[in-house]
Structures are given as structure tokens and as C-alpha cells.
Amino acid sequence: MKLASWNINSVRLRQTLVLDRLEGLGLDVLCLQETKTEDQFFPVDAFAEAGWPHIAMRGEKSYNGVAIISRLPITENSYQNWTGRTDCRHISARINGQTIHNFYVPAGGDEPDRTLNPKFGHKLDFLDEMTAHFIANPPQSSILVGDLNIAPLEADVWSSRQLRNVVSHTDIEREKLLNLIEAGGWIDAVRHHYGTEEILYSWWSYRARDWQSSNRGRRLDHIWVSADNQEKIAKIDIDTPTRGAEKPSDHVPLIIELAS
DNA sequence: ATGGCAAATTGAATTTGA
């Protein structure tokens, strides 16, 4: 099974980009985050015509929104309202015997202090709930993907020292994400494939004059697999060139090929 | 350690992203 995860930053604005970049890759499943549209406006016909007729989505106006788009039938799907909100940050689907979780973890605002910044508290609570959930429900034949908005390792950011107090790379976030992987029973498939030293990014800010030459990236997007899937990881790709497309998303697609 | 940007909404300015 071949699966991609991509924070698309508006699926309606970039539906042509998605189809252009991903058609021809032989993808079975495409997981999108930040679709930024209500379900009634999701471009389902365009995906169906391109060969992905099965869609499980959860969107709202303006913000957030996730979708699992599949060539293969979706046998069941569900979602959870994490931290008691209905803000469309999670959907899961069962496809070809695998349970696929697609997450958009809160960005967390600017100030890394939950007493000053409720958004940071929301992010930490979200991670705590995810951890408790997967401890109580250990994943099996499962894949977890998404924009988790945390770059946990030194080699996940352009400067660990300069980003140590910047939301996405603070100690508490890094600890919570690594604990979620460990205690939650997940394998970081990207790091399993590339090792912990190689510098890897999945996001580059829109604000850089030249994203490529400044190259101040962060690995905020992730693909994890349950332990029973570890030996099936056949290939991992981070599609960096997509950041250089016309009207790009600030995130690039991550692709995993899992042997069946 | 940001920030030079971007998208969606509501109506040129605001919110959010990270």
C-alpha cells in the first residue's frame, strides 16, 4: 500500500496542484490536513475522476479540516473530538486491513507558556489525550500520519539552539511527542528509514525570501506505523521539490510504501 | 528568535498559521 500525507493549506485553492503532483505516483491513499472547507464544498468529483473515489472527511469553514482519500474502499471510518472540541483535527479509516489515523495537531500559538497562551495549553492537552488513547488502545495494523506541529529531534530543525524556545521545538513538546511514540506503541517510520542524524524537513515558512537558499525548515509532518508494520516499511520519500511549485503549500508531501 | 507571507472570512482589516 502506498500512502501520502500532505498539509495542503486549502484543498480548494490547491486541488489542481494536488492532482498534478500526486497523479502518476500510484498512490492508494492520500491524507490531507488543513483542507479549510466544509464537507459540502470539498472537491470530491475531482478526486473521484482522478482515481480516488472513496473519501472520509471532516471539515469546517476556514480552519483545520482533514480528509482520507482512497483508491481502495474504506470499510469503516470514525473520528474523535479531542480536548472536547469539534474542530476537525482527526479522522480515521480502515483500508485494506490497515487502520489509518490522520491528525492535525494544534499549532500552539506563539508563546510557549500555557498560563499566558491557552493555545499552547490546548496543544499539550491534545498530546496528552492522544497518548492516553493509544496506551488504552494499542495500535495494530495501523498507520498514523499528519501535521503534528512538532519537530522532536535536533535533526528535525535548521537550528535546535535557535528554536529551543520556539513553539514546535520546545523541550516539553519534544518530550511529549517522543513519549507518545514510545508509550503509544508507534514507530517513527521516517526516522526508522533515514536514521536519527540525517537532516529532514517537511515545512518551510512562507516568509523566507527564498525557502531553498535560506533552508530554515522543520520536520512537522510525520508518518508512524504500529510495531507489527515496522518490517513492512519498503520506502519513504519526502517530496521536497513540491515546495518549489507554483503557489505551493508551506508543507510538502510525505510518502510511505508498505509491503502487503 | 523571528518573519520578509499566505489563506479565509468579511468587506480593508482581522485571524490563524508555526
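So that the names make sense, note that chain A is the first sequence line, chain B the second, and so on, each numbered from 1. Quantities reported herein were computed from a predicted structural model and do not represent experimental measurements.
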For a quick check under 3.5 Å, do [X] and [Y] share a side-chain donor-acceptor pair by atom type?
{"X": "A:Glu175", "Y": "A:Asn179", "answer": "no"}
{"X": "A:Asp239", "Y": "A:Thr242", "answer": "yes"}
{"X": "A:Asn102", "Y": "A:Gln33", "answer": "yes"}
{"X": "A:His101", "Y": "A:Ser142", "answer": "no"}
{"X": "A:Asn215", "Y": "A:Trp158", "answer": "no"}
{"X": "A:Asn9", "Y": "A:Ser249", "answer": "no"}

Between [M] and [N], how far apart are the [atom1] atoms? Round to whole Å, please.
{"N": "B:dT14", "M": "B:dT2", "atom1": "P", "result": "22 Å"}
{"N": "B:dT9", "M": "B:dG4", "atom1": "C1'", "result": "24 Å"}
{"N": "B:dA6", "M": "B:dG11", "atom1": "P", "result": "24 Å"}
{"N": "B:dG17", "M": "B:dG3", "atom1": "C1'", "result": "13 Å"}
{"N": "B:dA12", "M": "B:dA18", "atom1": "P", "result": "28 Å"}

Round to a whole Å and report the spacing from [atom1] of [X] to [atom2] of [N].
{"X": "A:His169", "N": "B:dA18", "atom1": "NE2", "atom2": "P", "value": "17 Å"}
{"X": "A:Gln33", "N": "B:dA18", "atom1": "CD", "atom2": "P", "value": "10 Å"}
{"X": "A:Tyr201", "N": "B:dA18", "atom1": "OH", "atom2": "P", "value": "18 Å"}
{"X": "A:Trp203", "N": "B:dA18", "atom1": "CH2", "atom2": "P", "value": "8 Å"}
{"X": "A:Trp204", "N": "B:dG17", "atom1": "CH2", "atom2": "C1'", "value": "17 Å"}
{"X": "A:Arg14", "N": "B:dC5", "atom1": "CZ", "atom2": "P", "value": "16 Å"}
{"X": "A:Asn165", "N": "B:dT2", "atom1": "CG", "atom2": "P", "value": "8 Å"}
{"X": "A:Tyr206", "N": "B:dA6", "atom1": "OH", "atom2": "P", "value": "8 Å"}

Between A:Arg218 and A:Trp203, is NZ or CZ placed under 6.0 angstrom from the six-membered ring centre and within 45° of the ring axis?
no
A:Arg219 NZ/CZ over A:Tyr201 ring centroid, <6.0 Å and within 45° of normal:
no
Under-3.5 Å N/O pairs linking protein and nucleotides 9-13 of chain B:
none

Pairwise side chain to side chain donor-acceptor pair (under 3.5 Å) hits with a residue in residues 112-121 of chain A, at least two apart
A:Asp113-A:Thr115, A:Arg114-A:Asp125
Check every strand shown and say whether [X] touches a base, only sugar-phosphate, or nothing at a heavy-atom separation below 4.0 Å.
{"X": "A:Asp210", "answer": "nothing"}
{"X": "A:Arg164", "answer": "nothing"}
{"X": "A:Tyr104", "answer": "sugar-phosphate"}
{"X": "A:Asn64", "answer": "nothing"}
{"X": "A:Leu163", "answer": "base"}

Which residues end up grouped with A:Val105 if you chain together Ile, Leu, Val, Met, Phe, Trp and Tyr wherever their side-chain heavy atoms are less than 4.5 Å apart?
A:Trp82, A:Phe103, A:Phe126, A:Leu127, A:Met130, A:Phe134, A:Leu144, A:Leu148, A:Ile150, A:Leu153, A:Leu177, A:Leu178, A:Leu180, A:Ile181, A:Trp186, A:Trp224
Heavy-atom nearest nucleotide on DNA chain B for A:Asn149 versus A:Leu13: which residue maps closer to 5'?
A:Leu13
Please identify each residue that fulfils salt bridge (charged side-chain N to carboxylate O under 4.0 Å, His left out) with A:Arg21, with sequence neighbours left out.
none
Side-chain N,O ([X]) to OP1/OP2 ([N]) below 4.0 Å:
{"X": "A:Ser205", "N": "B:dG17", "value": "no"}
{"X": "A:Lys119", "N": "B:dG17", "value": "yes"}
{"X": "A:Asn7", "N": "B:dA18", "value": "yes"}

Looking at residues 155-162 of chain A, who's got a heavy atom less than 4.0 Å off DNA chain B?
A:Trp158, A:Gln162
What are the residues of residues 236-256 of chain A, sorted by number, that bring a heavy atom to within less than 4.0 Å of DNA chain B?
A:Lys247, A:His251
Candidate list A:Asp221, A:Asp147, A:Asn149, test side chain to side chain donor-acceptor pair (under 3.5 Å), partner A:Asn7, passing option
A:Asp147
Determine whether A:Leu25 and A:Ile255 make a side-chain contact, defined as any pair of heavy atoms from C-beta on separated by less than 4.5 Å.
yes
Which nucleotide sits closest to the side chain of A:Arg207: B:dA18, B:dC5, B:dT2?
B:dC5
